[in-house]
Novice: 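Mind having a look at this structure? Questions to follow.
What you see below is based on every heavy atom in this structure, not just the backbone, and it leaves out hydrogens, waters and symmetry mates. Note on naming: letters A, B, ... go to the chains in the order of the sequence lines (proteins, then strands), and numbering restarts at 1 for each one.
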Number of protein chains: 2
Amino acid sequence: MSPRDQIRKGSTDFVVLSLLVKRPMYGYEISQQLGQRSGGYFEMKEGLLYPALHHMQEKGWLTTEWRKVEGRRRKYYALTKMGLEVLDQQAAEWKTFLEKLDGLLQANDVWTG
Amino acid sequence: MSPRDQIRKGSTDFVVLSLLVKRPMYGYEISQQLGQRSGGYFEMKEGLLYPALHHMQEKGWLTTEWRKVEGRRRKYYALTKMGLEVLDQQAAEWKTFLEKLDGLLQANDVWTG
DNA sequence: TTCCAAGCATAAGTAACTTAGGTATATCTA
DNA sequence: TAGATATACCTAAGTTACTTATGCTTGGAA
């Protein structure tokens, strides 16, 4: 189980949104948490993370707040109501996608080899 | 459960390879099968399918053969040994990815809402 | 004979990801 | 106290992948 270069394509927004359900986080923290909570598997570099955060903020899914903690400036991102709705919708879409994918693979004996 | 615009990003190669395990297929057939086997959910348009087939052929995952059936020319694609290995590897990667994703989502109560 | 389905393909535009940098401050260590 | 490392933000250039739109050919049906 080697770590991926980065997170799987197309899952970036979904994964970031899901992390922010419990509490707001700042960018650096998000990238750390992602690694820690997946046993080092997920690795989301800054070149992908920060642009993603910015575009989600522009779409109104996230709000930002600068805070100073332990002498460091951090930009905290929090889910908006719309962001939560988008997350729920994406979760539903992923679920459906995975069901369909599973059906396809089962029919072709791909999972079992 | 509305159909997606097209297949989920990043899953194109995997899905196409998995279809070809049982038997060779031609492009048009692949796109039809994909729709039928997913209850109309997966929809893979030609602008994505044909380039994908070409690049997998270039990489040696697929071989091609023109056949004439019912007066129509069809370009059949078949899995090579390498293609099968790639498929197995991608299946393993997807499995791991889904486990990690699931762990992340469970921890944040995303699946259950 | 006109239209639609079957069957192939590519080109232009956009979105997403990778790689590679750049800045600044705090803390640890030689 | 200088230098390395970790924290913390950001962007730009290049590449890959997807979307949209279009074009060509043949066969069968209305």
Novice: According to the ring-ring contact (aromatic ring centres under 6.0 Å, His included) rule, which pairs have a member within residues 45-69 of chain B, sequence neighbours left out?
Specialist: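 Applying ring-ring contact (aromatic ring centres under 6.0 Å, His included) to every pair that reaches into residues 45-69 of chain B, excluding sequence neighbours, yields nothing.
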Novice: If the sugar-phosphate is the primed atoms plus P, OP1 and OP2 and the base is the rest, what is the B/S/- string for nucleotides 7-12 of chain C, using protein heavy atoms under 4.0 Å?
Specialist: BBBB--
Novice: Could you list the residues that satisfy salt bridge (charged side-chain N to carboxylate O under 4.0 Å, His left out) with A:Lys81, not counting sequence neighbours?
Specialist: A:Glu85
Novice: Between B:Thr12 and D:dC18, is there a side-chain N or O to OP1/OP2 distance below 4.0 Å?
Specialist: yes
Novice: Could you state the interatomic distance from CG (A:Leu17) to OH (A:Tyr77), rounded to the nearest 0.5 Å?
Specialist: 12.5 Å
Novice: Output the rounded distance in Å from CD1 (B:Ile30) to C1' (C:dA6).
Specialist: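 Between C1' of C:dA6 and CD1 of B:Ile30: 15 Å.
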Novice: So A:Leu53 and A:Lys75, do their side chains get closer than 4.5 Å, heavy atoms only?
Specialist: no
Novice: What integer distance in Å separates A:Leu49:CG from D:dT11:P?
Specialist: 12 Å
Novice: Measure NZ/B:Lys59 against C1'/D:dA17 and give the value in whole Å, please.
Specialist: 11 Å
Novice: Between atom CG of B:Asp13 and atom NZ of B:Lys59, what is the distance when rounded to the nearest 0.5 Å?
Specialist: 7.0 Å
Novice: Would you mind reading off the distance between B:Arg67 atom CZ and C:dA6 atom P, rounded to a whole angstrom?
Specialist: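 Taking CZ of B:Arg67 and P of C:dA6, I get 19 Å after rounding.
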Novice: Between A:Thr80 (side chain) and A:Gly60 (backbone), is there a donor-acceptor pair under 3.5 Å?
Specialist: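 Present.
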Novice: For A:Gly71 and A:His55, find the nucleotide of DNA chain C closest to each by heavy atoms; which residue's nucleotide sits nearer the 5' end?
Specialist: A:His55
Novice: Using whole Å, report how far CD of B:Glu58 lies from P of D:dT16.
Specialist: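 Those two atoms, CD and P, are 12 Å apart.
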Novice: Between B:Phe14 (CZ) and D:dA17 (P), how many Å, whole number?
Specialist: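 Answer to the nearest Å: 16 Å.
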